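The structure appears right after this line, and notes come after that.
Remember, it's a predicted structure, so these values are computed and weren't measured experimentally. By convention in this document, chain letters (A, B, ...) are assigned in the order of the sequence lines, proteins followed by strands, and residues within each chain are numbered from 1.
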Amino acid sequence: MPLYFNDLGRLNTEEVARGLLGHYLCHETTSGLISGIIVETEAYLEKNDSACHAARGITRRNATMFGPAGRAYVYFVYGNYYCLNVVTGSEGSGEAVLIRAVEPATGIEIMQHNRGKNCKLTNLANGPGKLCIAYGIDKRYDGHDLNKKPLYLAENSNPGYYETAATSRIGISTARDKLLRFIIKGNNYLSRREPIG
DNA sequence: GTTAAGATCTGCT
DNA sequence: GCAGATCTTAACG
């Protein structure tokens, strides 16, 4: 299925979350290009989703979620880490897709430098906080247009065969029953092992 | 002004 | 597998 990055706002958020799998997240840094294949995402919806930051209306933190689709929503959690989201839905709707994990492709040395010298390849960006550290993403990119450099999404014109799966989301205390986490099945760079069965 | 909770990660058992 | 670190954000008084 083709994914039109310039038109994210017209696709529903769950489809964007699943559609981003297999494509690239790129960052042109002063040290060089970093890229990786998105292997794990989560959808956060405006309606009937208490786990979404936008569920209780617009605030200073989540204002970007209510802006145009295709922007980055970057926020700070747990006193230590940033998380990167892609804003989706029509302007004013408050929906987004959390990028939870990528499979490192280009600039692996830069990521290792950012994450720590002895960091294993499978541990470089297999989680939303780790991903932001590896890519050097912080709050400066909140509101950045992800169709533009230096931080952008890129289509994978030659994706191999892969299966996707939907599971429950991670790290939230409400709405755990919803299957809004999307993964590339069997990928080695996921933030968690796949549930058995 | 004060407080409780959080879309996490690391290190230790 | 589990607890602790750590501090911004948002809700409440």
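Within the 4.5 Å cutoff, no side-chain heavy atoms of A:Asp138 are placed close to those of A:Val74. Proximity of A:Tyr141 to A:Pro150: side-chain heavy atoms (C-beta onward) are separated by under 4.5 Å at one or more points. A heavy-atom distance below 4.5 Å is not found between the side chains of A:Leu45 and A:Cys52. Side-chain contact between A:Val102 and A:Val39 is absent, with no heavy-atom pair separated by less than 4.5 Å.
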Nucleotide pairing, DNA chain C (Watson-Crick or G-U, distances under 3.5 Å), in dot-bracket with [ ] and |: |||||.||||||.
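Shown here is A:Asn48, whose CG atom has no more than 12 heavy atoms of other residues, nucleotides or ligands within 6.0 Å. Within a 6.0 Å radius of NZ in A:Lys139, other residues, nucleotides and ligands contribute more than 12 heavy atoms.
Linking Ile, Leu, Val, Met, Phe, Trp and Tyr residues whenever their side-chain heavy atoms come within less than 4.5 Å leaves A:Leu21 and A:Leu98 in two separate clusters. Follow the hydrophobic side-chain contacts under 4.5 Å out from A:Leu131 and you reach A:Phe76 in the same cluster. In the hydrophobic cluster analysis, where Ile, Leu, Val, Met, Phe, Trp and Tyr join through side-chain heavy atoms closer than 4.5 angstrom, A:Val86 is grouped apart from A:Leu180.
Among residues two or more places apart in sequence or in another chain, the side chain to side chain donor-acceptor pair (under 3.5 Å) test is passed with A:Glu103 by A:Asn187.
When each of A:Lys139 and A:Asn80 is assigned the nucleotide of DNA chain C with its nearest heavy atom, A:Asn80 is the one assigned upstream, toward the 5' end.
The nearest whole Å value for the distance from the CD1 atom in A:Ile172 to the C1' atom in B:dG6 is 12 Å. In this structure, CD of A:Glu42 is placed 15 Å from P of B:dG6, rounded to the nearest angstrom. Rounding to whole angstrom units, OH of residue A:Tyr82 and P of C:dT8 are separated by 9 Å. Atom pair A:Leu179:CG and B:dA7:P shows a separation of 19 Å (rounding to whole Å applied). Taking atom CD of residue A:Glu40 and atom P of nucleotide B:dA7, one finds them 16 Å apart after rounding to whole Å.
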Mind listing the N/O atom pairs, protein and nucleotides 10-13 of chain B, below 3.5 Å?
residue, atom, partner, partner atom, Å
B:dT10, OP1, A:Arg115, NH1, 2.6
B:dT10, OP1, A:Arg115, NH2, 3.1

Scan nucleotides 1-3 of chain B against the protein and return all N/O pairs shorter than 3.5 Å with their distances rounded to 0.1 Å.
none

Where do N or O atoms of nucleotides 10-13 of chain C meet protein N or O atoms at under 3.5 Å, pair by pair?
residue, atom, partner, partner atom, Å
C:dA10, OP1, A:Thr59, OG1, 2.4
C:dA10, OP1, A:Arg61, N, 3.1

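On a pure distance criterion of 3.5 Å, a polar donor-acceptor pair joins the side chain of A:Tyr75 and the base of B:dA7.
Of the candidates B:dT8, B:dG6, B:dA7, the closest approach to any side-chain atom of A:Ile170 belongs to B:dT8. Comparing B:dT8, C:dT8, B:dA7 by their closest approach to the side chain of A:His53 singles out B:dA7.
Side chain to side chain, A:Ser191 and A:Glu40 meet the donor-acceptor criterion of an N or O pair below 3.5 Å. A:Thr167 and A:Arg181 are linked by a side-chain donor-acceptor pair at a separation below 3.5 angstrom, with hydrogens and angles left out of the test. Using modelled atom types, one finds a donor on one side chain and an acceptor on the other under 3.5 Å when comparing A:Thr64 with A:Asp142.
Alongside A:Tyr75, the hydrophobic cluster contains A:Ile58, A:Met65, A:Phe66, A:Tyr73, A:Val77, A:Tyr78, A:Tyr81, A:Val87, A:Ile133 (criterion: ILVMFWY side chains under 4.5 Å).
Look at A:Phe76 and the base of C:dT8; the rings do not stack under the cut-offs of 5.5 Å between centres and 30° between planes.
Regarding contacts with the backbone of B:dT8, a side-chain N or O of A:Arg100 is found under 4.0 angstrom from either OP1 or OP2.
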